[in-house]
Amino acid sequence: MERGCVYMGKILVVDLQEGRCQEEDLSEEQIEEHVGGVALNLALYERFRERDPVIVGTGLLTGTFAPASCAGVVTARSPVTGGICHVPLLWQTAVELKYSGYDFVVLLGESARPVRLWLHDSLAELADAGDVWGKDVWETTDKLRFEHGDDYVQVLGIGPAGERQSLLGQLSENYWGSRDLYGLGALWGKKKLKALAARGLGSLEVAEGFFDACVALKDEIASGRIRGSQGLVPILRHLGADAGGLNTLEARAHRNVASFNCPYPYNTFLMIDEDASLLKESAKAEPGLLLTDPAGVASLLFLGDGMAQVLRRINRYGLEPSACGVLLAARGAGSAAQAEGALADFVREGCSLEGEGARHVRGVAPWPLSDSPESRLVQAVSLFSHALPPQPALGSFEDFSVPESPQERARWWLERQAVSLVLGVCPLSALLSPELSLERMADLASKACQWEDLTPEMLRNKAWEVIGRSASLAGTSGKLPASWAGPEFEASLQGLLQAP
Amino acid sequence: MELVVDSLKCTGCRICEYACNYHHDMDCSAIGASLMLHRAEKKNYFGMMVKRERNLLLARPEGPEVVAPGSQVEGAGASSKPILMRAPCDLCEGEEEPFCVKACPTGCLSMKE
């Protein structure tokens with residue numbers, strides 16, 4: 001059995017400047033060397049770095065029976081930090097991308113006019129996006145799904161904020177916010193790429209015994225730390241979010257929803273214009289919104305009952321919710337009406353946290369619920385998304401057998417993110433379930449394609465290679481908060497980036 | 001024995017579709033599965049559809065409904081049509097337990113006499 005059996009075997013290179021799509025085979029050698037996901041993304045980034053590439057990639061296990069195998073990753077130079085960032089995709093997008101026939105998509109240069117990319121049945125079409133340019137995220141997703149005749153089409157796209165190249169512009173997954181805090185929406189706007197839509201009807205071969213091993217791990221996860229909990233509220237409560245805000249949110253909570261094959265459904269739908277207990281299909285077209293981003297929700301809780309309405313507007317504009325929360329608080333927007341007015345300004349003015357004098361970490365909104373030394377360290381590195389908690393999302397560091405030192409804790413977090421994104425395992429699930437250990441992830445990856453020397457040690461090395469190389473490419477320009485700065489912090493940061 | 005769907009336990013993760021397909025085709029895909037998630041994403045309305053030998057089980061959140069082939073079904077969009085062309089559920093004949101039941105993380109799917 002080949003290493004690449006859990007990949008479709010194709011890399012798509014899209015030259016936006018020339019308006020041309022070209023396919024390359026994903027070789028066994030590339031998989032042997034990089035395994036997949038963020039490691040292969042980085043190799044492709046380095047190969048095409050002169051053309052300001054954006055790489056959308058899937059992990060080795062993305063879309064398979066492996067528990068929490070929903071993840072993909074977008075790698076690019078962040079217009080916010082100036083450094084390389086790796087943004088996880090955690091809804092259904094990465095799975096549809098892989099099954100559409102393309103494991104990796106490389107987006108090069110800038111188009112002269114708005115375009116959109118449609119991937120399906122191992123075919124790639126780069127089309128004029130004049131019909132959706134100017135539309136918000138929800139209108140765009142609706143239009144593309146209608147046009148392609150399928151509600152399962154997954155859309156990675158931008159709204160008006162990205163089109164105007166606002167540094168608060170984020171990539172959206174379908175209608176909802178993503179974990180992009182790095183302004184990738186602005187980068188897509190600069191490239192005039194409105195959306196990448198994918199629908200997958202392909203299939204992957206997996207080795208005998210893989211399915212049973214996945215079921216066994218899923219059973220352990222389901223009866224482990226997450227047992228009895230569902231949704232975003234328990235996570236935010238555990239992480240110390242304001243109890244009053246959470247009670248308000250809970251009153252509007254509808255059903256919790258899992259990302260592809262995730263044992264813990266961490267997405268929570270809020271009803272705004274409907275009763276939250278409604279079981280029948282709403283007669284209203286847009287009764288609420290799906291909460292997908294712990295940091296964004298926590299940053300907006302101060303708006304009380306108006307939070308849901310404001311976040312829906314943020315999602316439609318394709319704005320980054322955490323930064324919006326920081327700016328709205330700084331501007332003293334206490335009501336939903338005030339906040340919605342200010343959001344229109346953010347889109348129009350293309351503002352940034354740095355420009356507004358608001359608190360930030362290298363231009364990015366800080367994790368809102370903790371200022372612990374380890375959380376400062378992982379944010380200062382600014383490679384992965386700190387829309388995800390910089391700590392275990394339900395349990396404690398002890399549950400994950402992590403030593404007490406801030407540097408060890410930060411190291412654990414970085415390694416967990418990198419390993420997850422190499423394999424395509426959800427990095428939030430990896431912060432929820434100790435059962436999803438490095439050893440078990442390596443075991444599943446090895447079983448998926450009978451790759452015997454894919455060991456935990458190999459994965460760990462790969463993770464630290466990604467972290468080290470990404471950091472060395474960075475040239476990160478943004479500043480750290482003044483209260484963090486100092487020789488001791490700098491030394492910890494430098495030590496953190498050394499491979500163990 | 002029959003497959004039972006407790007829709008309110010479903011979280012829409014879709015792994016049951018891939019597990020079912022694995023029984024039919026021994027690969028990882030969803031295109032040949034006998035069951036399928038129907039989702040109206042913007043409304044957070046979702047439930048399972050199961051193609052059975054003689055009918056279709058619509059496991060809606062508000063309660064299950066069994067419909068005969070060719071019936072008009074409200075609310076099923078274009079994405080729901082492929083289920084009618086799939087092989088019916090055989091409860092993973094020859095297996096100890098249907099693969100969808102094994103793979104489900106929430107206990108939404110089970111078997112009953």
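Everything quoted here is computed from the prediction, not taken from an experiment. Convention: sequence-line order gives letters A, B, ...; per-chain numbering from 1.
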Which portion of [X] sits near chain B, non-hydrogen atoms under 4.5 angstrom:
X: A:Lys280; value: both
X: A:Asn267; value: neither
X: A:Val6; value: neither
X: A:Pro265; value: side chain
X: A:Asn261; value: both
X: A:Gln92; value: side chain

Handout entry: Test of ring centre spacing under 6.0 Å for B:Tyr18 and A:Tyr99
Key = yes
Using side-chain heavy atoms (C-beta onward) and a distance below 4.5 Å, is [X] in contact with [Y]?
X: A:Phe211; Y: B:His23; answer: no
X: B:Cys10; Y: A:Arg255; answer: yes
X: A:Leu279; Y: B:Arg60; answer: no
X: B:Ile15; Y: A:Phe260; answer: yes

Go through [options] and name the one with the most non-hydrogen pairs under 4.5 angstrom from chain B.
options: A:Ser223, A:Cys214, A:Gly202; result: A:Gly202
options: A:Asp142, A:Asp219, A:Ile221, A:Asp212; result: A:Asp142
options: A:Gly288, A:Cys262, A:Ser282, A:Ala222; result: A:Ser282

Exercise for the section: Working to the nearest 0.5 Å, report the span between CG of A:Leu278 and NZ of B:Lys43. Expected result: 10.0 Å
Problem - Nearest-0.5 Å distance that lies between atom OH in B:Tyr22 and atom OG in A:Ser203 - result: 12.5 Å
Chain A interface, residue from [options] that has the most non-hydrogen pairs under 4.5 Å:
options: B:Asn44, B:Ile31, B:Thr11; value: B:Asn44
options: B:Ser29, B:Pro105, B:Cys13, B:Gly47; value: B:Cys13
options: B:Arg39, B:Glu41, B:Met26, B:Arg14; value: B:Glu41

Exercise for the section: Please test A:Tyr152 against B:Leu37 for side-chain contact (heavy atoms from CB on, under 4.5 Å), starting from the C-alpha separation and ending with a verdict. Expected result: CA-CA 10 Å; A:Tyr152 276 113; B:Leu37 184 80; 3.5 Å; yes
Handout entry: Ionic contact status for B:Lys42 with A:Glu286, cut-off 4.0 Å
Key = yes
Fill in the blank from the handout: Residues B:Phe46 and A:Val257: closest non-hydrogen pair is CE2-CG2, 4.1 Å
